[in-house]
Amino acid sequence: MAKSLGIFVTNPDNFAHVLGITKAAKAKGSKVKVFFTWTATHNAKDPAFPELCELADEVSICVDSYKKQGYDIEDVPQGLTSKEMATQAQHGIIIEDYDCYLSL
Amino acid sequence: MEYKKVCFMYRNKDYAVDGMRSALGLAVENMYSYGVVMDSEMEQLDEHNLESLEMLRDMEGDIYSTVPANVDKNGLEPIDIEELGEKLRDMDIIVPYGQK
Amino acid sequence: MKILNVYRSEPDETVKKLVEIVTRDRESDSFDLADASPDYDALVDKIFAADQTICWW
């Protein structure tokens with residue numbers, strides 16, 4: 001069985017890599033979780049963000065970062081639910097519960 | 001249970017304060033969490049961020065810097081590149097954080 | 001302990017020094033993510049084969 005992969009995204013310039021790696025990992029049968037923080041929460045407004053949410057098993061963003069980047073927290077990005085507007089605890093889950101870790 | 005050790009590295013001052021918040025976020029999840037401000041001089045930490053630093057230290061984490069001005073101004077622990085490299089060898093998770 | 005070093009840009013002297021220390025006496029591999037069209041399939045295989053992945057700036 002394929003290993004699971006957790007991706008912690010801190011750089012908004014890496015969204016294409018996030019998408020490409022998630023696609024490749026899912027094609028291998030891997031479980032993938034992605035968490036975006038700080039300026040990388042801008043990626044939640046990328047036109048391809050809903051596609052990532054479809055592909056990955058779990059996607060969440062740091063709601064505090066999202067707010068500090070100028071967004072209204074009531075404006076839940078397409079592909080996410082309000083529950084997935086989350087905290088840094090999501091990063092902890094990636095580290096504790098996933099076989100492999102990648103920061104981007 | 002063995003607690004995970006994590007080290008964040010920040011090379012861009014615009015990412016240092018939020019990166020410290022990420023380090024604190026893992027400390028409250030019962031991990032040994034460290035951050036290192038590299039290359040750039042940060043602004044003076046405000047009271048809220050100084051409290052976060054204290055909380056991190058209370059949970060056996062810390063924030064280091066390779067830049068003497070950050071050590072003087074914000075009370076960060078000094079570290080050089082060789083020491084940082086040796087510290088990284090002991091980490092379970094290494095996070096080169098944000099943009100360079 | 002097998003380390004995978006992933007590079008998002010050409011590593012500078014600081015990154016080279018840290019990689020040298022971190023990988024000393026350890027097995028290591030690398031992947032160039034700065035490539036115009038990275039082979040994500042190969043990268044995922046390398047991540048799964050490594051004990052630790054470090055994605056440098």
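Since the model is a prediction, treat every value here as computed from it, not as a measurement. Letters A, B, ... mirror the listed sequences (proteins, then strands); counts begin at 1.
Atom CG of Leu102(A) is separated from atom CG of Leu33(C) by 8.0 Å, given to the nearest 0.5 angstrom. Atoms OG and CZ, on Ser4(A) and Phe48(C) in that order, are 7.5 Å from each other to the nearest 0.5 Å. The distance from the OH atom of Tyr101(A) to the SG atom of Cys55(C) is 10.0 Å, given to the nearest 0.5 Å.
Interface remark: Lys3(A) contributes backbone and side-chain atoms alike to the contact with chain C (heavy atom separation under 4.5 Å). For a residue to count as touching a neighbouring chain, one of its non-hydrogen atoms must lie under 4.5 Å from one of that chain's; by this rule Asn14(A) touches chain C with the side chain only. With a threshold of 4.5 angstrom between heavy atoms, Asp51(C) does not approach chain A through any atom at all. Residue contact with chain C, scored on non-hydrogen atoms closer than 4.5 Å, involves the backbone and the side chain of Ile21(A) alike.
A salt bridge between Lys28(A) and Asp45(C) is present, with a side-chain N of the basic residue lying under 4.0 Å from a carboxylate O of the acidic one. Arg8(C) has no carboxylate O lying under 4.0 Å from a charged side-chain N of Asp13(A), or vice versa, which leaves the two without a salt bridge.
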Residue pair Val6(C), Leu104(A): steps toward the side chain to side chain contact (heavy atoms under 4.5 Å, CB included) verdict:
CA-CA 10 Å; Val6(C) 178; Leu104(A) 278 171; 5.9 Å; no
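Inter-residue side-chain proximity for Leu43(C) and His17(A) is flagged as unmet; no heavy-atom pair is nearer than 4.5 Å.
More than 12 heavy atoms of other residues, nucleotides or ligands lie within 6.0 Å of NZ in Lys45(A), so this atom counts as buried by the packing criterion.
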